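What follows is a set of notes on a single structure, which appears directly below.
All residue numbers in this chain count up from 1 along the given sequence. All heavy atoms count here, side chains included; hydrogens, waters and symmetry mates do not. Since the structure is predicted, the reported quantities are computational estimates derived from the model, not experimental observations.
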Amino acid sequence: MASSPTRSLGIILFIVLSALTCQQISALSTPTHLRPKTTEEAGRPSSFGSLIQQNQSPEYNALPRPTAQKWYCTACAVGFDKLKNYKQHLEGKKHKAVIAAADGLWKEYQNSGPAFYDPSVLPEIVTSVWSLDDFMTGLQARSRSSIKRVLSASTNQHHNNGSGGGGGVDPNIRLEDLSPNKRAMLWRLLQTTSEAHDTLDMPRMISALPPKYVRVKELLESLLVFGHFEQLLRKSKKRVSNVHDVGCGHGMVGMLCAAAYPHITVQSIDRIPRESFQAQRRAFVESRSDMDNLHFVRGDLSVLEKNADDSSSSSSGGHSLLLCVHGCKSLTHESIELAEANAWAWLSLPCCLQAEHHLNPRTNLKVDDDMRFAMLCGAIAAKYNAGTVSSIDRRITGRGIVLTSLGRSAER
């Protein structure tokens, strides 16, 4: 069924407004453990299960910390309006259990190896609730000029005005460039990502990867896209048995899917396998993932077009999902069209879009680059009936609008 003009206009306007209020959209759509915690969330536990903070000083837990008119326990990620309730919490079994659990987490970090461990790091850096603001603050920002800038908690609120080039983290920053505290924070995030999957050990995988391939921007972006993949997987009423990662590039997202879900067969499709792809696959194998369910296929979309009937179904009644992460130019909409034609679920993170592919040729877009990109994403969402529209924090990527669909038959 074609989209009505009213619905199409509504979706386009929504995307445009998203670009203007990116901080709010990121907070709503980013997986909870990868975004800053808001005041409204202070009264409920983190999505990790309670992430914990522990300090060797006996006075640490005895000193309440007022935060936004609340008494806040950083260890348990819970806030209280009254000091009395806060003190009762500190004496409670749940709080003491959380503090006790921190010992195990700290010991795991101490055994994490030289890629992450540093003796100067304090326990609270490792065991505290993940904060994207804390991690990003102080990192070098991407810039097209010779003037170097660093990121702050407020960087995400501002758009690129076209003169400075970016506002996000410098894509050339590697793990080895980070301070010991930043590496410890990243270890905590990787450890948390791995906790839900017996076959996934991201700290070990990253430790096995040659340093030149561990780029912070690519790693954070891949983890976030993987989070959106998992959300789509949970919503699907059909058992997904095939993932097609078209234009896979370094391939981290598809590899995360394969490592975390051994029952899913992942096809990583590109014209040639990058060195980083090969290195990451070896690193996953050196960790706890055998990756027998990951297959690199040399080619382009025509590979899937020729075998669509075979790849869209299986004897067990499986379902296919198509990934297109930063597909260039026409690859974004062509991959969505292929998925729609076969009733596959799909997830797309558009990149360099061309207006002639999505708008009337007579349309004259006299807007800045961010607004133009948002409008084109809105046009794609409207045309192909995207089930969800969300975004990735701008400090990680300036092209962070995520479009997903459960498949033609499921969405309509």
Side-chain angles (χ1 to χ4, degrees), residues 23-24 26-112 116-138 151-154 156-157 179-196 203 227 393 395:
Q23 177 78 6
Q24 295 172 321
S26 293
L28 290 172
S29 62
T30 301
T32 309
H33 66 283
L34 289 172
R35 61 177 167 86
K37 180 168 51 58
T38 64
T39 302
E40 290 76 10
E41 294 172 314
R44 58 179 188 266
S46 166
S47 64
F48 289 130
S50 298
L51 289 190
I52 45 185
Q53 179 171 11
Q54 186 241 356
N55 190 293
Q56 295 173 336
S57 169
E59 292 81 16
Y60 177 75
N61 290 314
L63 296 175
R65 180 161 63 101
T67 304
Q69 299 180 341
K70 290 180 180 288
W71 298 100
Y72 188 70
C73 173
T74 308
C76 301
V78 63
F80 302 90
D81 290 320
K82 296 180 180 180
L83 178 58
K84 175 183 176 181
N85 294 340
Y86 175 82
K87 290 182 176 179
Q88 289 176 345
H89 166 76
L90 294 182
E91 296 300 322
K93 293 181 179 180
K94 290 183 178 181
H95 174 78
K96 291 180 179 180
V98 165
I99 297 303
D103 291 335
L105 190 62
W106 175 241
K107 288 177 182 178
E108 286 188 60
Y109 168 72
Q110 289 178 306
N111 295 322
S112 63
F116 293 102
Y117 177 70
D118 190 281
S120 67
V121 174
L122 296 175
E124 59 264 29
I125 299 297
V126 174
T127 58
S128 62
V129 175
W130 166 264
S131 168
L132 186 62
D133 280 348
D134 289 345
F135 180 77
M136 284 295 189
T137 298
L151 298 175
S152 67
S154 62
N156 188 42
Q157 301 175 17
S179 68
N181 282 349
K182 298 289 189 187
R183 292 202 305 273
M185 291 178 190
L186 189 57
W187 178 88
R188 181 68 181 95
L189 173 62
L190 294 170
Q191 181 69 12
T192 299
T193 302
S194 305
E195 286 174 356
D393 194 286
R395 290 168 293 184

Check: Lys107 main-chain N/O paired with Asn111 side-chain donor or acceptor under 3.5 Å: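 The answer is yes, because a donor-acceptor pair under 3.5 Å joins these two groups.
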
Of the non-hydrogen atoms in [X] and [Y], which two are nearest, and what is the gap between them?
{"X": "Arg188", "Y": "Glu195", "answer": "NH1-OE2, 4.0 Å"}
{"X": "Met185", "Y": "Ile125", "answer": "CG-CG2, 4.1 Å"}
{"X": "Phe116", "Y": "Leu190", "answer": "CZ-CD1, 3.6 Å"}
{"X": "Arg395", "Y": "Leu132", "answer": "NH2-CD2, 3.8 Å"}

Gln88: side chain to side chain donor-acceptor pair (under 3.5 Å) partners, not counting sequence neighbours: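 Once residues adjacent in sequence are excluded, Gln88 has no partner under the side chain to side chain donor-acceptor pair (under 3.5 Å) criterion.
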
Set of side chain to side chain donor-acceptor pair (under 3.5 Å) partners for Asn85, sequence neighbours left out: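 In terms of side chain to side chain donor-acceptor pair (under 3.5 Å), with neighbours along the sequence ignored, Asn85 is linked to no residue.
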
Salt-bridge criterion met for Asp118 and Lys182 (N-O under 4.0 Å):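 No salt bridge links Asp118 with Lys182.
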
Residue pair Lys87 / Trp71, side-chain heavy-atom distance below 4.5 Å: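 With C-beta onward as the side chain, the pair stays apart.
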
Min side-chain heavy-atom separation Phe135-Leu189 under 4.5 Å: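 No - every pair of side-chain heavy atoms lies 4.5 Å or more apart.
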
Plane angle bin for His89 and His95 - parallel if under 30°, tilted between 30 and 60°, otherwise perpendicular: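 Geometry flag for His89 against His95: perpendicular rings.
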
Interatomic distance, Leu186 atom CG to Asn181 atom CG [nearest 0.5 angstrom]: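 Leu186 atom CG to Asn181 atom CG measures 12.5 Å (nearest 0.5 Å).
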
CZ on Arg183 to OG on Ser112, rounded to 0.5 Å: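 Nearest 0.5 Å value for the OG-CZ distance: 9.5 Å.
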
ring-ring contact (aromatic ring centres under 6.0 Å, His included) partners of Tyr117, counting only residues at least two apart: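 Expected list: Tyr109.
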
Candidate pair Leu105 and Gln191, rule side chain to side chain contact (heavy atoms under 4.5 Å, CB included), full reasoning: CA-CA 9 Å; Leu105 190 62; Gln191 181 69 12; 4.2 Å; yes

